[in-house]
J.: 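First the structure, then my questions, so here it is.
Indexing begins at 1, ligand by ligand and atom by atom, following the structure's order. Only a predicted model underlies this, so the values are computations on that prediction, with no experimental measurement involved.
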Amino acid sequence: MKIIAAKWILLMDEAFGIVEDGAICFDERIIAVDGADQLKSRYPQAEFEDFGDAVIMPGLINAHTHLEFSANRSQLRLGSFVGWLESVIEKREGLLAQCEAKQCIDRALDTILESGTTTIGAISSFGLDMESCAKSPINVIYFNEILGSNPAVVDTMYGEFLERYEQSRAFASKSFLPAISVHAPYSTHPILIRKVLETVKAENLVVSTHFMESKDERAWLDRGEGKFAEFFKAFVPDPKPLIKPLEYIGLFKGVSTIYTHCAEANEAEIKAILAQDQAITHCPRSNRYLGSSRLAIEKLPAFHLATDGLSSNDSLSLWDEMRGALMMHSDLDLAELAKRLLLGSTREAGRALGLQKGVIKEGYESDLIVVPIPAETEESMVAISLILHTQKVEGVYVGGERI
Ligand SMILES: [Zn+2]
């Protein structure tokens with residue numbers, strides 16, 4: 001059992017509660033939050049450490065990233081979605097091979113942890129990141145991705161997916177939870193989706209999907225037009241969209257689902273997602289780099305933040321993502337936005353993934369980070385100061401253990 005104290009504790013409860021001169025007593029789970037003296041007299045056997053001028057808060061949760069593309073710097077073409085996708089297909093083999101050779105997945109996981117992210121949702125297309133994720137101290141929801149739009153190869157794609165999924169289940173542990181991701185409405189045949197959702201339902205898993213990421217996806221799904229029409233002609237002679245966007249959302253009814261991006265989603269689609277009590281991931285930098293619209297977060301009751309992969313971003317740090325979001329949503333009140341971004345990187349992401357993480361509350365898991373902050377910082381500036389100045393954190397606890 002441990003007690004740690006600091007000038008500020010950020011609870012990440014709904015009201016963005018801050019405790020001044022507070023302390024937390026925990027083992028694997030959080031036992032109590034109070035003053036240091038009170039906790040020391042109640043739990044005299046606990047180890048004690050006072051971090052002084054610092055913030056203690058829940059470890060950050062990045063619900064959507066792709067580690068297999070961590071070798072990318074500027075090999076892929078940014079600016080528009082289909083142009084980028086074509087460059088991914090063209091350069092995929094080289095990037096994956098570079099990543100394996102340079103062990104860059106392990107390095108990416110190290111930088112993620114140093115920045116204070118203690119849980120990730122790793123979208124895995126090929127399984128190359130499986131062992132690294134399984135042995136990392138970071139908590140990983142390992143989303144085995146399925147895609148395949150051609151009905152003739154649906155069975156092959158499903159078989160290949162099932163093999164990866166079963167492999168990942170062999171690594172399952174407290175910090176490595178195998179799950180399933182459906183790539184996107186333009187790339188995954190409804191037959192495949194229905195098939196994998198049977199497994200999702202039977203095993204009560206959370207499922208992740210890309211949704212309405214780009215203007216190209218909007219034009220294709222609505223009208224069968226635009227750059228995707230040209231793109232698909234390389235694979236099939238007379239391509240047609242597989243499904244309407246609202247029907248796609250309907251397939252996931254009754255399942256804990258995370259829709260990543262939604263930058264081009266319309267009001268009816270957002271309403272349908274919220275009516276099904278499902279979650280929306282916001283990746284502001286990736287959206288900006290791939291030419292998508294700004295997601296109107298001010299219209300959403302909740303959202304969580306994620307970095308996406310280095311295939312469409314310049315870092316896997318949620319602090320960098322929060323800084324990007326502060327700039328992108330320039331009409332919103334700075335102090336309120338800062339709080340929402342911190343909640344979206346902890347509490348809301350934990351909720352979306354169905355974890356008891358991301359909040360400092362009795363019974364929640366003890367994933368905690370310690371970030372130094374100048375002594376003179378006023379309470380009203382704590383959230384803004386954290387976002388503007390944090391690169392690496394001073395202390396990280398995962399499941400109550402200091403890393
Ligand atoms: Zn993604």
J.: Which N, O or S atom name in His66 marks its closest approach to the Zn ion (ligand 1)?
T.: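 Relative to the Zn ion (ligand 1), the closest nitrogen, oxygen or sulfur of His66 carries the name NE2.
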
J.: Would a line drawn from the ring center of Trp220 to the ring center of Phe232 be shorter than 6.0 Å?
T.: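 Yes.
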
J.: Among His329, His261, His304, whose ring-ring contact (aromatic ring centres under 6.0 Å, His included) with His282 holds?
T.: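 One option only clears the test, and that one is His329.
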
J.: Considering only NZ, NE, NH1 and NH2 on the basic side and carboxylate oxygens on the acidic side, decide whether Glu131 and Lys135 come within less than 4.0 Å.
T.: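 Answer for the salt bridge query: no.
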
J.: Using the Zn ion (ligand 1) as the apex, give the angle to atoms NE2 (His210) and NE2 (His64), rounded to 10 degrees.
T.: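 Reported to 10°, the angle equals 90°.
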
J.: May I ask you to check whether Tyr397 and Phe26 place their ring centres under 6.0 Å from each other?
T.: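 For Phe26 and Tyr397, the ring centres are under 6.0 Å apart.
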
J.: Identify, by name, the N, O or S atom of Asp308 lying closest to the Zn ion (ligand 1).
T.: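 Looking only at N, O and S atoms of Asp308, the one nearest the Zn ion (ligand 1) is named OD1.
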
